[in-house]
Amino acid sequence: MHPFQYQRADSADQAVAAVAKTPGATFIAGGTSHLDLMKEDVHHPSLLVDVSALPLKQITAFEGGVRIGAGVSNTAAAYHPDLQQRYAAMSEALLAGASVQIRNMASMAGNPLQRTRCPYFRDPAQACNKRTPGSGCAAIGGYNHVHALFGASKACIATHPSDLAVALAALDARVQTTGPRTIAFPELLRLPGDTPHLDTVLEHGELITAIDLPAFAGRSHYLKVRERASYAYALVSCAVALEMDGPKIRRARVALGGVAHKPWRVGPAEALLAGQLPTEQLFQAAANAAFADAKPLEHNAYKIPMGRNLMVRALLETSGLQPMQGPAGTAFAASVGGVAGRLATPR
Amino acid sequence: MRMPHESAPNLQTGDLAPNCVLPDGSRLFEWRGRPVILAFAPEEWDPTRAHQSEIFARLSREFGSGATFVDTATDEWHALNCRGALAAQFGVAGQRALFLLDERGVVRWKTVVAPGQDLRAGQVLAALEALHSPPATAGGVSALGGGLSRRTFVTATLAAAALLLLPGCSTESTTKEANSAADPMGPASSADTIPVVLTINGKTHRLQLDPRVALLDALRENLHLTGTKKGCDHGQCGACTVHLDGQSALSCLTLAVMSQGKEITTIEGLSTGETLHPMQAAFLKHDAFQCGYCTPGQIMAATALLQDKNVRAGSAVEIREAMSGNLCRCGAYPNIIAAIQEVQRA
Ligand SMILES: Cc1cc2nc3c(=O)[nH]c(=O)nc-3n(C[C@H](O)[C@H](O)[C@H](O)COP(=O)(O)OP(=O)(O)OC[C@H]3O[C@@H](n4cnc5c(N)ncnc54)[C@H](O)[C@@H]3O)c2cc1C
Ligand code: SF4
Ligand code: FES
Ligand code: FES
């Protein structure tokens, strides 16, 4: 690990000033992504500004919705009774992610800012435009089974690993920063284009202070497929937010995870769903539309049928046409297969 | 300058080191003109091991051609046996000690630890502080111009860094000492350390650490709390699980400096005297391990789970999900779950 200076910030202003004036300075919150990558020799901050002690840990009612402080832990947000009930997809995404220990440490701002799990990115011996701009992309001709179906570029085909980000995209969350500005969630994260080293639109020294969830009176749900039952990243995931008008769908928002450099909202599919009666046929048509322009790579074509099936199932479960595997707002509802997917009765 | 006294060989800073015979047959005075480091240690202390070797390799490189330290025929860094005659001549028989001699053979820095105790950073830092000022006694040494040559200075800084990183060199320092260490005494380097105060199992520990040190390494290497295990070092296995303010957390992905102000509990803090924590007893009863490497982490995660209001007790499926952050390559999972269930029911 490269040497760095360390500074603990007592206020957001102090944190911003410290990072803004120091080239190579970064914030650190839970450290579960950043420190890991520092150990891997992928990140080399000159100065670490610790924002974990900032008073950004409240969850408050806000404009009919909820404002979640940037420093709230993933655990605290996931189990907040109001959030778990009103924004079940978010709790499900959080609780199906990482482990208890990591969720205790991880912050709400840090989670969507975690870096890709593309294995080549984490290996400094490999070419990677995201880690070392201009060095090439080892994944393009390499083993790309966890890589993108949508929005990839010639420079980078990585996917975004955060479960939370997918739920936030479906819930139309907004991010408050010290800009000061408000960034609609999907715009916070970028597509790779020819600048894959930039994951977000945040400026150097711009601190996220809160994540706002707008008012929502429908049902939301998150489903995730992984290579083992728990403690693994998503191969493909899907967040759904449905608002009903009597028996009909008034508005549907669907975001896919594990398929692009950012959570992938599927506009054409959402348009198909609006104003319709929920049926399996309809959901299948929507899933087909969602994946119509998928561009598979050498090793990731499996994600297309997997993603379609997952999206259909997520819509069926959200609309109530099919039961969830566990109580809404828990990891059991979010998991596909494995012990975690079935909540057995206590023995 | 005080000359070393045969009958009271208690060498102080500022003293001229005795012209003793070194293990390679040379006499110490032959090394004049270059700074020399003498390290005394018990035989079982092997400075070429593990990460120590890296530090000593760096010391070696830094000394380069202009200076050297005592070595053997093997041309390697050699720790002098602290039970030998030489140690007696330096007044450090049976003790771990480091001496830095300047170009004139004068002791400019010395740090000693009694057997069974730990080296203290405070001592090292105080010695470093002393290097800033002219030697305690005047006389012949004033020819150095009252200060240190740059090379000697670098040497001392590196040696201090080496000491701080050596296992067995748990550190303790006052704020004053900490401040002197933070002084820009040279180019910023990885040797820069900062004071870190940790509350572990109810006890306060004052350390002087490189900010890069993870809590896991501070526990194991600096404080000898080796119950907490290093598995993957990347957040993927749970072996390093501790409690931070009562919640389970991974010490490998936590910087020690960021753990300040938190109540840190390790596996060593679970039992009360000789009485095991019920979870420890249940793990024994249910044979919830084979090799035992993952066990401290499993037990720390399990005890945190006991206090977790968010997880329903009793169901094996819920325990599995809540414990999924702790891998066991021996596959003791069914017994681990049985142990946890028993304690949950009690
Ligand atoms: C073994 C393992 C398994 C995991 N599994 C999953 C999983 O299944 N699903 C999942 O979604 N995640 C998973 N994660 C990732 C984990 O969720 C993230 O690492 C975590 O959420 C990051 O949050 P943090 O607070 O620790 O961020 P940090 O590591 O502290 O920071 C991450 C980034 O955000 C920046 N940052 C932090 N706070 C702010 C702020 N307020 N404003 C601006 N920038 C900020 C930092 O500078 C840094 O660049 C896993 C991690 C590990 C180690
Ligand atoms: S896909 Fe992106 S992150 Fe992976 S190697 Fe290519 S450039 Fe790097
Ligand atoms: S050593 Fe910390 S999780 Fe493996
Ligand atoms: S008992 Fe050997 S790893 Fe768990």
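Below, chain A is the first sequence line, B the second, and so on; all start at residue 1. Heavy-atom basis, side chains included; hydrogens, waters and symmetry copies ignored.
Within the 4.5 angstrom heavy-atom criterion, only side-chain atoms of A/L48, from C-beta onward, approach chain B. For A/A96, no part lies under 4.5 angstrom from a heavy atom of chain B. Using a 4.5 Å cut-off between heavy atoms, A/H2 touches chain B through its backbone atoms (N, CA, C, O) alone. In this structure, chain B has a heavy atom under 4.5 Å from the side chain of A/S52, while its backbone stays farther away. If you measure heavy-atom distances from A/M105 to chain B, the contacts under 4.5 Å come from the side chain alone. For a residue to count as touching a neighbouring chain, one of its non-hydrogen atoms must lie under 4.5 Å from one of that chain's; by this rule B/L305 does not touch chain A.
Heavy-atom pairs under 4.5 Å with chain B were tallied for A/K39, A/M1, A/M38; the largest tally goes to A/K39. Between chain A and the options B/G238, B/A214, B/C252, heavy-atom pairs under 4.5 Å are most frequent for B/C252. Interface check for chain B: of the options A/R8, A/H34, A/E40, the most heavy-atom pairs under 4.5 Å are formed by A/E40.
Remark: the backbone N or O of B/T193 is not paired with any side-chain donor or acceptor of B/D210 at under 3.5 angstrom. A distance-only check finds a donor-acceptor pair linking the side chain of A/R131 to the backbone of A/D123 [under 3.5 Å]. The backbone N or O of B/A339 lies less than 3.5 Å from no partner atom in the side chain of B/E342, so there is not a single donor-acceptor pair. Judged purely by atom type and a 3.5 angstrom limit, A/T75 uses its side chain to pair as donor or acceptor with the backbone of A/N104.
Shortest non-hydrogen contact noted between A/A18 and A/V49 is CB-CG2, 3.8 Å.
Counted by atom type alone, A/S237 and A/Y222 present one or more donor-acceptor pairs between their side chains at under 3.5 Å.
Annotation: the span from A/Y233 atom OH to A/D163 atom CG amounts to 9.0 Å, rounded to 0.5 Å.
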